[in-house]
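In each ligand, atom 1 is the first atom listed, and ligand 1 is the first ligand listed.
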Amino acid sequence: MSESIHFSTKLIKETVAVDPQTGAANVPVYLSSTFHQKDFDHYGKYDYTRSGNPTREALEDAIAALEGGARGFAFASGMAAISTAFLLLSAGDHAIVPKNVYGGTFRILTQVLGRFGIDHTFVDTTNLDEVEQAIRPNTKVIYVETPSNPTLAVTDIRAVVKLAKAHRCLTFVDNTFMTPVFQRPLELGADLVLHSATKFISGHSDVIAGLAVARTEELADKVYFLQNALGAVLGVQDSWLLLRGLKTLDVRIRKSADSAQRVAEFFTTQSEVRNVFYPGLSNHPGSELHAEQAASGGAVLSFELEDEAAARTFVNHVQLPVFAVSLGAVESILSYPPKMSHAELNEEEREKAGIGSGLLRLSVGLEDAEDLIRDFSNALDFVRNQEKVTVRSVD
Ligand SMILES: Cc1ncc(COP(=O)(O)O)c(C=O)c1O
């Protein structure tokens, strides 16, 4: 088939594989940890599921094709994928990482990798001068999360890749928020794409999973070695669930992103909302750059209320979203980053990362945007009334 097919067609093409033996329209769930070898001297393609399994492989092939890389890898969680990727580095190596990186990535860098002699510097990756100044002779990786969690800060992937290449470093991109539907970092020159597939790719809040895609065979061989050596592989049933999630990814994330745009615009009109962070808003820092490297503002936004008390009131009065850790599901998910995704950071570190005490993150699901906006408008009424009560009691 021609290469000019649309991404939504490619998504189905890569995830529906008719079983040659039975004609089944779905990849079978090969629940087998081991595989019989027919020949004493020559072993077949599969021998043991940690090293390779046909169901997991179907998922790994699909994500590799969708991200446009040489090979894909499925892990037991996003953090398993990210940790394995950082173990491409050795003692004495250094990584440059966004200061507002996902809390779990922050934790592995600050509390684990340092013990093995892998050093890091946190920088504002939206500021290329800061990135360049942090490069040392032993820097091996520049790590990017764009848009970042939870302030949706936009980093120029192409520019970082250029800097990295000039200094013989690799570029890793956490593409969880955009997915390959909206942003394909390997096409922009990155070397490794990482996902918390727990989020949009699974899409139903029912799987913990991670994915990685390497651009070159050379890097893929190294990732494969580590995946097999460390063993944090994705289980077979969860691999199948991710394949199922992938099939509807395009429609799910597009509908959620359309609603997110409307919800973000609504929040900008509300006096109780001090700040709205969403790359689809033209006044969001880096929105033009984002539009050059991604096809949508995505389905996640953050907004800032006056303080923790206002955030609490809002959360206590919304009816539709679940109040939970995580994002990227059919149901809208509201979370409070200071106590959830970024609880690993102390107050000073949170302050530096722009995570104020009134910040809430919203992952927009598949509910109707009008219903969501009505729900949020109602919760904001409570915030407004609470403010009045507080002011009155001070009087
Ligand atoms: C941007 C980002 N990267 C990585 C992770 C870690 O993924 P997991 O929870 O699947 O280990 C998360 C989880 O919230 C995330 O939001």
message: Y224: which residues meet the ring-ring contact (aromatic ring centres under 6.0 Å, His included) condition with it, sequence neighbours left out?
response: none
- request: Taking all non-hydrogen atoms of both residues into account, name the closest pair between T125 and Y143 and its distance.
  value: CG2-O, 4.0 Å
field: Pair E304 + R274: basic N to acidic O under 4.0 Å
entry: no
message: If I compare all heavy atoms of S51 with all of N228, which pair ends up nearest, and what's the gap?
response: OG-OD1, 3.1 Å
Short N or O separations between ligand 1 and the protein, below 3.5 Å:
residue  : atom   : partner : partner atom : Å
ligand 1 : 3 (N)  : D174    : OD2          : 2.6
ligand 1 : 7 (O)  : S196    : OG           : 3.0
ligand 1 : 10 (O) : G78     : N            : 2.9
ligand 1 : 10 (O) : S196    : OG           : 2.8
ligand 1 : 10 (O) : T198    : OG1          : 2.6
ligand 1 : 11 (O) : G78     : N            : 3.1
ligand 1 : 11 (O) : M79     : N            : 2.8
ligand 1 : 14 (O) : K199    : NZ           : 2.4
ligand 1 : 16 (O) : N149    : ND2          : 3.4

Sequence neighbours left out, cut at 3.5 Å: what donor-acceptor pairs do the side chains of residues 290-298 make with other protein atoms?
residue : atom : partner : partner atom : Å
H290    : NE2  : S296    : O            : 2.7
Q293    : OE1  : I157    : N            : 3.0
Q293    : NE2  : T155    : O            : 2.7
S296    : OG   : G298    : N            : 2.9

query: F376: what forms a ring-ring contact (aromatic ring centres under 6.0 Å, His included) with it, not counting sequence neighbours?
result: F267, F314
